[in-house]
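Reading through the structure tokens given below for one structure.
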Amino acid sequence: RPMARLTLSLSCVDYDRTRAIFEEKVRVEGCEIIGTPMSPEEAFHRAFKFQEFDITELSMSSYMNLVAKDAAPYVGIPAFLSRMFRHSSIYIRTDKGIEAPEDLNGKTIGVPEYQMTAALWVRGMLQDEYGVAPADMCWRDGGLEQGGKIPNVSLNLPEGVELETIPTDRTLSDMLYTGEIDALMSARSPSCFGINDKIVRLFPDYRVAEEAYYRKTGLFPIMHLVGIRRSLVEEHPWLPVNVLNAFVAAKEICYRNLAKVGHLFTTLPWPVDEYEAAKALMGEDYWPYGAVANAAEIEAMTRYSFEQGLTARRLVPADLFAASTFELAKV
């Protein structure tokens, strides 16, 4: 008689680094996984509002906000499914006197959700690198392309930070198009970008800026982590490490595929050259999982979250991740 397995639901993006789990080339030991690929926005909404999934991709910033309130329904594991430099995520109007990051001082900035991880990193980078603090700007939140967006978490921002929600029949993209806001911080490119020639990126050559930022800081910004339903972790303490091991194994398969030169795994003409360039700049395992390997990024994120008023206390890694995931067994 076969051993019984836990049947668990999984929601995350079907990234190249997670695909082996969806395709069952990698298993979570002791589990049968029912995978539902979806966009990050949908996964976050369904996880934070309704806790629909057993294992799910989560916004790191929103998760930290809930952990600080002792209200997180999920326990984190340090598999960071999404990472991205965010210099490319700042869109400005050229007729508002903005030519450099310092020029954002006094300007009105749109953001889909104030606490979203992309904006957390952009605000932290602007303060650390250019001396522009969140209170130096006026903030407007709301739907990027659809009106009536409601934030996933509630906020209690520091005194001096002005945040207002735009009317429910308006969108941030439209308000940037009309000039009612001066700039926008968004993980997704707004639809007005490329249509209105007055709307450009603050860092047009963002790859150069982002590589310089990495060389200076050593930070590869983390966007998303994986969470496991807290009640499951309490009942099955072996689960966090087994899930983390599966995501690590799936990423290793992705690395091997990226390195293949006989036939190209990615639909780009020079993906192997890009892979080698990333390793040359950032190291062999340039997309590391694990709390220890990401200590600098986690320190920055917990500091930014506390300084920006998104968490009422300064979190430490032990607050964020299952204790068993800090030191995996070695052979």
Side-chain angles (χ1 to χ4, degrees), residues 40-41 44-45 48-49 59-66 68-69 71 86 88-98 100-128 130-193 195-196 198-202 223 301 304-312:
E41 292 89 347
F44 301 163
H45 174 77
F48 288 125
K49 296 289 186 185
S59 156
M60 186 76 169
S61 181
S62 296
Y63 173 68
M64 290 192 295
N65 176 277
L66 292 173
K69 297 172 180 173
R86 285 300 180 189
S88 63
S89 300
I90 312 170
Y91 300 86
I92 62 166
R93 288 190 59 96
T94 58
D95 55 356
K96 298 286 188 170
I98 305 169
E102 293 84 355
D103 298 328
L104 293 173
N105 204 321
K107 298 298 191 289
T108 299
I109 316 295
V111 63
E113 291 191 51
Y114 188 83
Q115 92 291 341
M116 66 189 292
T117 312
L120 175 88
W121 274 103
V122 170
R123 288 190 299 265
M125 179 266 292
L126 288 174
Q127 181 154 351
D128 282 358
Y130 302 100
V132 183
D136 295 334
M137 297 166 275
C138 302
W139 298 90
R140 301 291 181 267
D141 68 351
L144 180 66
E145 305 291 353
Q146 295 178 298
K149 182 175 175 64
I150 300 171
N152 284 322
V153 298
S154 60
L155 302 176
N156 184 20
L157 298 178
E159 189 174 345
V161 176
E162 177 194 310
L163 172 64
E164 295 179 8
T165 298
I166 64 174
T168 56
D169 61 344
R170 301 299 308 282
T171 68
L172 292 171
S173 181
D174 180 54
M175 292 178 74
L176 185 63
Y177 183 87
T178 60
E180 293 165 87
I181 58 175
D182 305 315
L184 172 71
M185 293 179 189
S186 174
R188 290 179 179 267
S189 177
S191 59
C192 61
F193 179 63
I195 295 175
N196 186 333
K198 290 187 172 68
I199 297 167
V200 301
R201 283 190 168 97
L202 177 61
M223 297 294 133
M301 297 187 81
Y304 294 158
S305 190
F306 179 66
E307 290 176 349
Q308 295 174 25
L310 305 180
T311 51

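Small disclaimer: the values here were computed from a predicted structure and weren't measured.
A distance of 12.5 Å separates CG of L144 from CE of M175, quoted to the nearest 0.5 Å. I166 CD1 to E164 CD: the interatomic distance, rounded to the nearest 0.5 Å, is 11.5 Å. Rounding to the nearest 0.5 Å places CD1 of I90 at 10.5 Å from CZ of R201. With rounding to the nearest 0.5 Å, the separation of CD1 in I109 from CG in L163 is 12.5 Å. In this structure, CD1 on I98 lies 5.5 Å from CD1 on I92, to the nearest 0.5 angstrom. Note that the CG atom of D128 and the CH2 atom of W121 stand 9.5 Å from one another [nearest 0.5 Å].
Counting only heavy atoms from C-beta outward, the side chains of T108 and M137 never approach each other to under 4.5 Å. The shortest side-chain heavy-atom distance between L184 and R140 does not fall under the 4.5 Å cut-off. Residues M125 and R86 are not in side-chain contact: their nearest non-hydrogen atoms beyond the backbone lie 4.5 Å or more apart. Side-chain contact between S305 and N65 is absent, with no heavy atoms from C-beta onward closer than 4.5 Å. For the pair S59 and P40, the minimum side-chain heavy-atom distance is 4.5 Å or more. For the pair T311/M64, a side-chain contact is recorded, criterion being any heavy-atom separation below 4.5 Å from C-beta on. Between V111 and M116 there is a side-chain heavy-atom pair separated by less than 4.5 Å. In this structure, the side chains of M185 and S89 stay at 4.5 Å or more apart for every pair of heavy atoms.
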Stepwise side chain to side chain contact (heavy atoms under 4.5 Å, CB included) test for S61 and L310
CA-CA 8 Å; S61 181; L310 305 180; 3.8 Å; yes
Applying side chain to side chain contact (heavy atoms under 4.5 Å, CB included), run through S189 and Y91 and close with a yes or a no.
CA-CA 8 Å; S189 177; Y91 300 86; 3.5 Å; yes
Give the C-alpha distance, both sets of side-chain angles, the deciding distance and a yes or no for side chain to side chain contact (heavy atoms under 4.5 Å, CB included) between Y130 and L104.
CA-CA 10 Å; Y130 302 100; L104 293 173; over 6 Å; no
Take R93 and L176 through the test side chain to side chain contact (heavy atoms under 4.5 Å, CB included) and record every step on the way to the result.
CA-CA 7 Å; R93 288 190 59 96; L176 185 63; 3.7 Å; yes
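The two atoms that bring S173 and C192 nearest to each other are OG-N, 3.2 Å, heavy atoms only. Shortest non-hydrogen contact noted between A119 and Y114 is CB-O, 3.9 Å. Residues D136 and G131 share a closest heavy-atom pair of OD2-O, 4.0 Å. For the pair Y177 and I199, the tightest heavy-atom approach, listed with the atom from each and the gap, is CA-CD1, 3.8 Å. For L172 against I181, the heavy-atom pair with the smallest separation is O-CD1, 3.7 Å. The two residues A135 and G160 make their nearest non-hydrogen contact at CB-O, 3.6 Å.
Heavy atoms of other residues, nucleotides or ligands lying less than 6.0 angstrom from CZ of R188 number 12 at most. In K198, the NZ atom is not crowded: 12 or fewer heavy atoms of neighbouring residues, nucleotides or ligands sit closer than 6.0 Å. The local environment of CG in N156 is sparse, with at most 12 non-hydrogen atoms from other residues, nucleotides or ligands closer than 6.0 Å.
Side-chain atoms of K96 come within 3.5 Å of backbone N or O of G179 as a donor-acceptor pair.
Donor-acceptor pairing under 3.5 Å is recorded for the side chains of E145 and S191. Using a 3.5 Å distance cut-off with no hydrogens or angles, the side chains of D141 and T165 do pair a donor with an acceptor. Side chain to side chain, S62 and Q115 meet the donor-acceptor criterion of an N or O pair below 3.5 Å. Neither side chain, Y304 nor R123, offers a donor N or O lying under 3.5 Å from an acceptor on the other.
At a threshold of 4.0 Å, the pair E180-R170 counts as salt-bridged, since one of the basic side-chain nitrogens sits closer than that to a carboxylate oxygen. Salt bridge D103/K107: absent, no basic N to carboxylate O contact under 4.0 Å.
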